[in-house]
Amino acid sequence: MKFNYIEDVSKFEGQKITIRGWLYNQSSKGKIHFLWVRDGTGIIQGVMVKGEVDDLVFGLYDQLTQESSIEVTGTVRKDQRAPGGYELTLSDMKIIQIAQDYPITPKPHGSTFLFDHRHLYLRSKRPHAILKVRNEIIWAIRSYFYQNHFVLIDSPILTGAVGETASTLFETQYLDEGKAYLAQTGQLYLEAAIASFGKVYCFGPTFRAEKSKTRRHLTEFWMIEAEEAFYNNEDNMDLQEDFLIYIVNWVLEKCQNEFKELERDISALEKIKKPFPRISYDEAVERLQKAGSEIQWGSDLGGTDETILTKMFEKPVFVYNYPKACKAFYMKPHPDRKELVLCADLLAPEGYGEIIGGSERNDDYDSLVLRIKEENLPLDAYKWYLELRKYGSVPHSGFGLGVERTVTWICGLSHIREAIPFPRTIYRLYP
RNA sequence: UCCCGAGUAACUCAGUCGGUAGAGUAGGUGGCUGUUAACCACCCUGUCGCUGGUUCGAGUCCAGCCUCGGGAGCCA
């Protein structure tokens, strides 16, 4: 049987249509009932007047409860009084299922309660809007890479080798082969793939068994990583800048309604244009110390440092060339200052902080072996990775963008857990 | 792991000086022809996180524990 979607109602003014969905809210004045129906594409108010519908249908209203599934038929009418501009004058209604004691009312709830009921909370307006923006961000990402001739290389999630030992790994038994680890990054595999495809990217879940309790961390999150042969650190930053602007323009075009629902001030996003400021780590430390931070040269930027720094600019800011000591082993040493590596983090504005980490990779066999030994990493585990430096090694760079952090920033959220359908945090594995 | 904070009805919270447990919302019943978090009247709702202690008497004071939230560290 044919039915229609709420997003299309304006095309059917004056016509009778059928909508299938869920009862979002209801109210009655006795002889006139109001039903708010949502179907995933929108919300519309249905109006049922006693005497204008069959008494049996009119009486069904009394059985309705919030989130009951129903099918309503009515005539589309333009009406100033209706939010959205259109409403349905109902002529028929069928009940599909009566919901009982739906826990999430259209009233304030605490975040713990809402995320305990995430399987239901997904239906509410706010998560609906956020996840629609997430959907568009991901489409923008894939579109950008496709248009720019990057090839998608899916990297393994179960790995034997350790990527970045700095973080903690989730461990699991891998049949009879011993321990396996859930991937923290696909980068090393992308570095293998550039010698076949030139420019590649991967997009998948990554896992960090860090007991972080902050609004910026998840234990399972989605990361986009790109790797480009023959790009140096500068080229890499140019690419990231272009990439991020593409994403922002895309969502500004597609997500106006969602931003309105989220009360996101989009003027902040409209300022995201080339060029992004680029400051060296040296300069960042200087600026931070002047601003009152306790940071010492040599240590990584803390969360508050990032916040201070990003509030100095209205656009995302690159901080490049960090001390070797606070970055991963695979980054290329600075040719003139061996205490630095060629890298850049991109910090999102409005206090959001790091959303991208990127670097030029060490393409020299001997110096890479040296770094692995310095970090006390098992050389064996990196045997295949090192071989890439033996067979046609080229300068190359890459970066990783945290999807949830990007969604958090673009939507103007205060906590990352809202940016993913079913968040995994230190104490949450359910639902 | 460390530092701070919270835990009272299904939800959000109040609970003074230690003296028999409260409100709003949700739910139920009735009323209402334009509601938008409707409104009006009435009804229902309790392991006060747990254990022990002090006390004639503990939601309230003390000790320990548990759970959760935020931050630090670490990172995207």
Side-chain angles (χ1 to χ4, degrees), chain A residues 24-36 43-52 58 61-62 65-67 77 79-84 87 89 99-117 121 125 163-169 184-187 203-225 240 294 299-307 322 326-328 345-348 352-358 399-409 414-417 419-420 425-428:
Chain A
Y24 178 75
N25 206 351
Q26 64 191 110
S27 83
S28 173
K29 294 279 288 182
K31 287 178 182 152
I32 176 166
H33 299 321
F34 300 94
L35 291 74
W36 285 42
I43 295 181
I44 193 166
Q45 174 171 266
V47 183
M48 195 187 276
V49 181
K50 191 172 173 68
E52 293 179 20
F58 191 81
Y61 175 89
D62 294 331
T65 55
Q66 191 192 351
E67 288 302 315
R77 195 160 48 77
D79 195 313
Q80 299 264 324
R81 293 170 295 187
E87 63 179 27
T89 304
Q100 295 211 339
D101 299 326
Y102 186 72
I104 300 172
T105 62
K107 297 285 184 277
H109 296 284
S111 65
T112 302
F113 177 81
L114 290 172
F115 282 91
D116 282 344
H117 296 85
Y121 181 41
K125 283 180 173 176
E164 302 166 42
T165 48
S167 311
T168 324
L169 292 153
Q184 293 186 328
T185 171
Q187 179 198 317
F203 178 43
T206 46
F207 306 89
R208 304 272 166 99
E210 297 159 354
K211 293 191 173 178
S212 300
K213 291 180 72 171
T214 84
R215 61 183 70 207
R216 301 186 306 280
H217 288 86
L218 295 165
T219 53
E220 176 182 310
F221 65 96
W222 287 68
M223 186 158 65
I224 284 281
E225 293 174 279
Q240 291 165 46
E294 310 246 305
S299 55
D300 207 352
L301 271 55
T304 40
D305 292 324
E306 288 186 5
T307 303
Y322 282 66
C326 52
K327 289 291 174 186
D345 284 352
L346 183 62
L347 312 182
Y352 281 94
E354 183 174 0
I355 53 171
I356 290 181
F399 67 89
L401 169 126
V403 169
E404 288 77 16
R405 285 192 177 174
T406 305
V407 173
T408 303
W409 161 55
S414 59
H415 201 300
I416 196 168
R417 67 184 158 217
I420 185 167
T425 56
I426 175 169
Y427 292 133
R428 185 175 293 286

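Within every chain, numbering begins at 1; the chains are lettered A, B, ... in the order of the sequence lines, protein sequences first and strands thereafter.
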Rounded off to whole Å, could you give me the [atom1]-to-[atom2] distance for the [X] and [N] pair?
X: A/H33; N: B/rA38; atom1: NE2; atom2: P; result: 16 Å
X: A/K211; N: B/rC75; atom1: NZ; atom2: C1'; result: 17 Å
X: A/L401; N: B/rC75; atom1: CG; atom2: P; result: 18 Å
X: A/I426; N: B/rU1; atom1: CD1; atom2: P; result: 9 Å
X: A/I355; N: B/rA76; atom1: CD1; atom2: P; result: 13 Å
X: A/E220; N: B/rA76; atom1: CD; atom2: P; result: 17 Å

What nucleotide among [options] has an atom nearest to a side-chain atom of [X]?
X: A/Y427; options: B/rC68, B/rC74, B/rG70; result: B/rC68
X: A/T214; options: B/rU33, B/rA72, B/rG69; result: B/rA72
X: A/K29; options: B/rC75, B/rA38, B/rG70; result: B/rA38
X: A/I416; options: B/rA38, B/rG71, B/rA76; result: B/rA76
X: A/M223; options: B/rA76, B/rG69, B/rC75; result: B/rA76

Pairs under 3.5 Å (N/O, protein and nucleotides 11-15 of chain B):
residue	atom	partner	partner atom	Å
B/rC11	O2'	A/P108	O	3.4
B/rC11	O2'	A/H109	ND1	2.6
B/rU12	OP1	A/G110	N	3.1

Exercise for review: Would you confirm whether A/E67, through its side chain, and A/D101, through its main-chain N or O, come within 3.5 Å as a donor-acceptor pair?
Suggested key: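 No, A/E67 side chain to A/D101 backbone: no donor-acceptor pair under 3.5 Å.
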Review point. With sugar-phosphate meaning primed atoms plus P, OP1 and OP2, does A/S28 contact a base, only sugar-phosphate, or nothing at under 4.0 Å between heavy atoms?
Key: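 Answer is base: heavy atoms of A/S28 come under 4.0 Å of a base.
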Point to revise | Sugar-phosphate only, base, or nothing, as touched by A/L218 at under 4.0 Å among non-hydrogen atoms | key: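 If one applies the 4.0 Å heavy-atom cut-off, A/L218 turns out to touch a base.
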Measuring only the [atom1] atom in each nucleotide, how far is [N] from [M]? A whole number of Å is fine.
N: B/rC43; M: B/rA37; atom1: C1'; result: 23 Å
N: B/rG18; M: B/rC11; atom1: P; result: 29 Å
N: B/rG69; M: B/rA26; atom1: P; result: 28 Å
N: B/rC40; M: B/rU35; atom1: C1'; result: 15 Å
N: B/rG28; M: B/rC2; atom1: P; result: 48 Å
N: B/rG57; M: B/rG53; atom1: P; result: 12 Å
N: B/rA72; M: B/rC48; atom1: C1'; result: 33 Å
N: B/rC61; M: B/rA6; atom1: P; result: 11 Å

Looking at [X] and [N], is any side-chain donor or acceptor paired with a base atom of the opposite kind under 3.5 Å?
X: A/Q45; N: B/rU35; result: yes
X: A/R405; N: B/rC75; result: yes
X: A/E87; N: B/rG34; result: yes

OP1, OP2 of [N] versus side-chain N and O of [X]: anything below 4.0 Å?
X: A/R216; N: B/rA72; answer: yes
X: A/R417; N: B/rG70; answer: yes
X: A/N25; N: B/rU35; answer: no
X: A/H415; N: B/rG70; answer: yes

Review point. Between A/S28 and A/F34, is any pair of side-chain heavy atoms under 4.5 Å apart?
Key: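 A side-chain contact under 4.5 Å is absent here.
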Does a side chain donor of either [X] or [Y] reach within less than 3.5 Å of an acceptor in the other side chain?
X: A/Q45; Y: A/E87; answer: yes
X: A/R77; Y: A/T89; answer: yes
X: A/E225; Y: A/T185; answer: yes

**Study point:** With A/N25 via side chain to side chain donor-acceptor pair (under 3.5 Å) - residues at least two apart
**Key:**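 Residues passing side chain to side chain donor-acceptor pair (under 3.5 Å) with A/N25: none at all.
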Check your understanding: Based on Watson-Crick and G-U pairs with both distances under 3.5 Å, what dot-bracket line describes RNA chain B 5' to 3', crossing pairs as [ ] and inter-strand pairs as |?
Key -> (((((((..((((.....[..)))).(((((.......))))).....(((((..]....))))))))))))....
Review point. Is the distance between the ring centroids of A/H109 and A/F113 under 6.0 Å?
Key: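 Yes, the ring centres sit under 6.0 Å apart.
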Check your understanding: On the ring face of A/F115, is A/R417 found with NZ or CZ under 6.0 Å from the centre and within 45° of the axis?
Key ->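 Yes, A/R417 sits over the ring of A/F115.
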Check your understanding: If we require ring centres under 5.5 Å and near-parallel planes under 30°, does A/F221 stack on B/rA76?
Key ->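 Stack criterion met.
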